[in-house]
Trainee: 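First the structure, then my questions, so here it is.
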Amino acid sequence: MAKKARTAITPTREENFPEWYQQVIKAADMAENSPVRGCMIVKPNGWAIWENMQRTFDVWLKEYGVQNASFPLLIPLEFMNREAEHVDGFATECAVVTHHRLEKDENGKLVPAGKLEEPYIVRPTSETIIGDSMSRWIQSYRDLPMKLNQWGNVMRWEMRTRMFLRTSEFFWHEGHCAFEDHDGATADCMHILDLYEKFFTEVMAFDGFKGVKTPDERFPGANETYAFEAMMQDGKALQAATTHDLGTTFAKGCNIKYQDRDGGEQFVHTTSWAFSTRAIGGMIMIHGDDDGLIMPPKLAAHQIVILPMVKDDNEAQVMGFAEKVAAALKAKGIRVLLDTREMRTPDKMWDAIKKGIPLRVEIGGREADAEQVSCVRRDLGRESKETLSVEAFVEKAEGLLQAVHDELLSRSRKFRDDNTHEGSSVQDLKDFFGAGKIGFMKVPVTLLDDPALEAVMKEYSLSTRCMPFADGGEKVIIAKAY
RNA sequence: CGGAGUGUAGCGCAGCCUGGUAGCGCAACUGCUUUGGGAGCAGUGGGUCGCGGGUUCAAAUCCUGCCACUCCGACCA
């Protein structure tokens, strides 16, 4: 019977992109919904990705002089009041802790008891509680700059959630720094944004647009927000990371003052910046295909999977050889998975494909006899299969992984460029999005003053993404967004 | 928080209109044959039908209240 060409993921991206996204996560066994409203369970295959992200970026932060610390998950409600805009931005999505004990009622059911005098909120972000510490830790200009970061989770009570992209609880790092002046704060925002760009391109294999947010898209309480905006395969934008110049706003709210060189009292200038598990969602939507996830090699828990194809009479030989190959690759520092599970070979193959493992090495009787391996690249598919000697493969493996990375990066860059269009009028936007086309449209910033703009933005659910540095701040990107 | 929809085995669904002791596919498990791009045959196990009331001799099915989730909007890393 002839086999039908069949994709591992149903539906395909073209048929139903949001549903495809969900199915990719499921097929790759990365995460699932939990009994807790809006919160996901990150499974080992998903968490391993986050661990690799943390490991890499944490080193970079420390090189820049950032110190890690940990602040409470709960923030006194009153702290939120310290910055008016901040309150407006987050008040509607705070989980509130009001009790500290459970008791059994007359029916034996547990009910909250021990009402707190002062309720706490579960942190939606930590500006206020870190600012409180800074106000005590900073006395003099000699204490500056102060660069802190915490890896942790936060909670924002979202109306509508989507795994990785928007969940009520999510994981991130949040940097909080204090400087003597505005220049220091701006330089910090720019430096971290550059680190983000380096991280997304060199580790996660996708590019985006660095730029400044328009005022209405700023972080609540920020003077200026800078962002890295990436494009998904459905043409929507994803804000992958942001840095915020908070001016002296939080310094005033939290009373963070220092004595300057002349003995005068000054407010510090603070910044904050973050990326989150959301970037994983972006990675999925940028690189994935109709057979599932494609992992950028630097992020992948397993960079190479070895599939031993044994028959009854050659099991010892094939397995022995496969173990030897695995050991040689591990000695090179490559993360290898030798798949010895009791499954049919084709099922193992599809499993490796759906999980997006960058390189698949097949070793059967033929290879074992000849001391060879067959290798297939996930990004190029089975046509890329090549058979070569063990020595040659081990020598070449790191290069192959780099080639997969380069391919993913250039592929996503091409997609981004092919789908970024120039426009000059509100009518251009209407024509483009009205025709159902996907992608970004870049228009002159002067268009933001056009009274006709708002209606069109609303009609097609558009938002301003950023004013790219590359255009000298004279253009603004308008797109649909996640 | 508005509009719509769905809750039945691990997953996907049928059954509901027209009440009568719960079914299909996939997955799992066992055995044999298979194994280089999604195997075949035979067999086995698994469900308080989201939760609570009501109608009835009898409720997955009808009525009612509640809860959860999904999708579309508004809000957002």
Side-chain angles (χ1 to χ4, degrees), chain A residues 1-10 16 18-19 22-23 26-27 29 32-39 88-94 123-125 153-174 196 213 216-220 222 225 227-230 237-244 272-282 291-292 307-315 318 342-354 360-368 372-374 376 381-383 385 387 458-461 463 481-482:
Chain A
M1 192 170 72
K3 288 192 184 81
K4 265 201 293 191
R6 179 176 156 196
T7 59
I9 301 296
T10 319
N16 185 344
E19 181 61 22
Q22 305 271 81
Q23 293 305 323
K26 196 168 167 182
D29 203 27
E32 61 187 29
N33 281 315
S34 76
V36 184
R37 175 202 168 87
C39 296
D88 290 344
F90 288 109
T92 58
E93 47 188 84
C94 285
R123 63 183 171 213
T125 180
N153 53 347
V154 288
M155 178 161 280
R156 298 179 187 176
W157 209 264
E158 297 290 348
M159 289 299 155
R160 205 178 137 212
T161 59
R162 242 201 273 241
M163 272 195 265
F164 291 111
L165 296 174
R166 174 161 297 105
T167 46
S168 288
E169 179 191 34
F170 61 90
F171 300 85
W172 72 350
H173 78 269
E174 49 178 326
Y196 287 151
K213 284 285 188 184
D216 53 312
E217 294 282 333
R218 271 181 206 143
F219 177 77
T225 288
F228 185 94
E229 295 282 335
L238 183 87
Q239 179 178 302
T242 44
T243 67
H244 312 293
S272 67
W273 26 263
F275 71 66
S276 72
T277 36
R278 175 181 233 203
I280 295 173
D291 286 327
L307 300 182
M309 300 170 168
V310 301
K311 296 188 169 148
D312 288 342
D313 58 348
N314 68 6
E315 180 166 353
V318 168
E342 283 186 36
M343 283 168 66
R344 296 181 55 256
T345 301
D347 292 338
K348 288 190 191 181
M349 281 189 188
W350 283 105
D351 190 56
I353 291 168
K354 287 186 282 193
R360 187 172 78 241
V361 167
E362 301 173 359
I363 292 177
R366 293 204 291 272
E367 285 83 1
Q372 290 180 329
V373 300
S374 295
V376 186
R382 71 173 122 160
E383 281 73 33
K385 186 173 195 169
T387 301
K458 199 159 182 187
E459 184 176 357
Y460 300 111
S461 308
S463 57
Y482 278 100

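Each chain gets a letter, A, B and so on, in the order the sequences are listed, and its residues count up from 1.
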Trainee: Which residues pass the side chain to side chain contact (heavy atoms under 4.5 Å, CB included) test with A:Asp347, sequence neighbours left out?
Mentor: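 So A:Asp347 forms a side chain to side chain contact (heavy atoms under 4.5 Å, CB included) with A:Met343, A:Arg344.
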Trainee: Using the side-chain hydrogen bond (donor to acceptor under 3.5 Å, both in side chains) criterion, which residues pair with A:Glu229? Sequence neighbours excluded.
Mentor: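 By the side-chain hydrogen bond (donor to acceptor under 3.5 Å, both in side chains) rule, A:Glu229 matches A:Lys213, A:Arg465.
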Trainee: With A:Glu93, which residues qualify under side-chain hydrogen bond (donor to acceptor under 3.5 Å, both in side chains), at least two apart?
Mentor: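 With sequence neighbours excluded, A:Glu93 shows a side-chain hydrogen bond (donor to acceptor under 3.5 Å, both in side chains) to no residue whatsoever.
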Trainee: Set out, line by line, the N/O atom pairs under 3.5 Å between protein and nucleotides 31-36 of chain B.
Mentor:
unit_1, atom_1, unit_2, atom_2, d
B:G36, O6, A:Gly365, N, 3.2
B:G36, O6, A:Arg366, N, 3.1
B:G36, O6, A:Glu367, OE1, 3.1
B:G36, N1, A:Glu367, OE1, 2.6
B:G36, N1, A:Glu367, OE2, 3.0
B:G36, N2, A:Glu367, OE2, 2.6

Trainee: For the C1' atoms, the ones on B:C24 and on B:U33, what distance do you get once it is rounded to whole angstrom?
Mentor: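 Looking at atom C1' only, B:C24 and B:U33 are 27 Å apart.
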Trainee: At under 4.0 Å between heavy atoms, what does A:Ser168 touch on the DNA or RNA strands: base, sugar-phosphate, or nothing?
Mentor: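 A:Ser168: no heavy atom of the nucleic acid under 4.0 Å.
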Trainee: Under a 3.5 Å cut-off for both distances, is B:C24 Watson-Crick or wobble paired, and to whom?
Mentor: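 By the stated definition (distances under 3.5 Å), B:G12 pairs with B:C24.
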Trainee: Using side-chain hydrogen bond (donor to acceptor under 3.5 Å, both in side chains) as the criterion, list what pairs up with A:Lys311, not counting sequence neighbours.
Mentor: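 Checked A:Lys311 against side-chain hydrogen bond (donor to acceptor under 3.5 Å, both in side chains); zero matches.
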Trainee: Across the strands shown, which category fits A:Arg162 at heavy-atom distances under 4.0 angstrom: base, sugar-phosphate, nothing?
Mentor: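 No contact.
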Trainee: With sequence neighbours excluded, what pairs up with A:Arg156 under the side-chain hydrogen bond (donor to acceptor under 3.5 Å, both in side chains) test?
Mentor: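 By the side-chain hydrogen bond (donor to acceptor under 3.5 Å, both in side chains) rule, A:Arg156 matches no residue at all.
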Trainee: In whole Å, what separates the P atom of B:A39 from that of B:A27?
Mentor: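 About 9 Å, rounded to a whole number of Å.
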Trainee: Using the C1' atom as the point on both nucleotides, what is the distance between B:C16 and B:A59, in whole Å?
Mentor: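 Approximately 10 Å lies between the C1' atom of B:A59 and that of B:C16.
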Trainee: Using atom C1' in both nucleotides, what's the gap between B:A74 and B:U56 to the nearest angstrom?
Mentor: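 Going atom to atom, C1' in each nucleotide, I get 46 Å.
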Trainee: More than 12 heavy atoms of other residues, nucleotides or ligands under 6.0 Å from CD of A:Glu315: is that the case?
Mentor: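 Atom CD in A:Glu315 is not crowded, with 12 or fewer foreign heavy atoms closer than 6.0 Å.
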Trainee: Please report the distance separating the C1' of B:A58 from the corresponding atom of B:A22, rounded so that it comes out in whole Å.
Mentor: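 To the nearest whole Å, 16 Å.
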Trainee: Between atom CG in A:Leu165 and atom P in B:U70, what is the gap in whole Å?
Mentor: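 These atoms are roughly 13 Å apart.
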Trainee: In Watson-Crick or G-U wobble terms, both distances under 3.5 Å, what is the partner of B:C51?
Mentor: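 With both distances under 3.5 Å, B:C51 matches B:G65.
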Trainee: Tell me whether A:Phe170 and B:A77 count as stacked here, given that the ring centres must be under 5.5 Å apart and the planes must differ by less than 30 degrees.
Mentor: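 Aromatic stack with B:A77 present for A:Phe170.
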Trainee: I want to confirm an ordering. Mapping A:Asp351 and A:Glu169 to their closest nucleotides on RNA chain B, which one lands closer to the 5' end?
Mentor: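 Comparing both residues, the 5'-ward one is A:Asp351.
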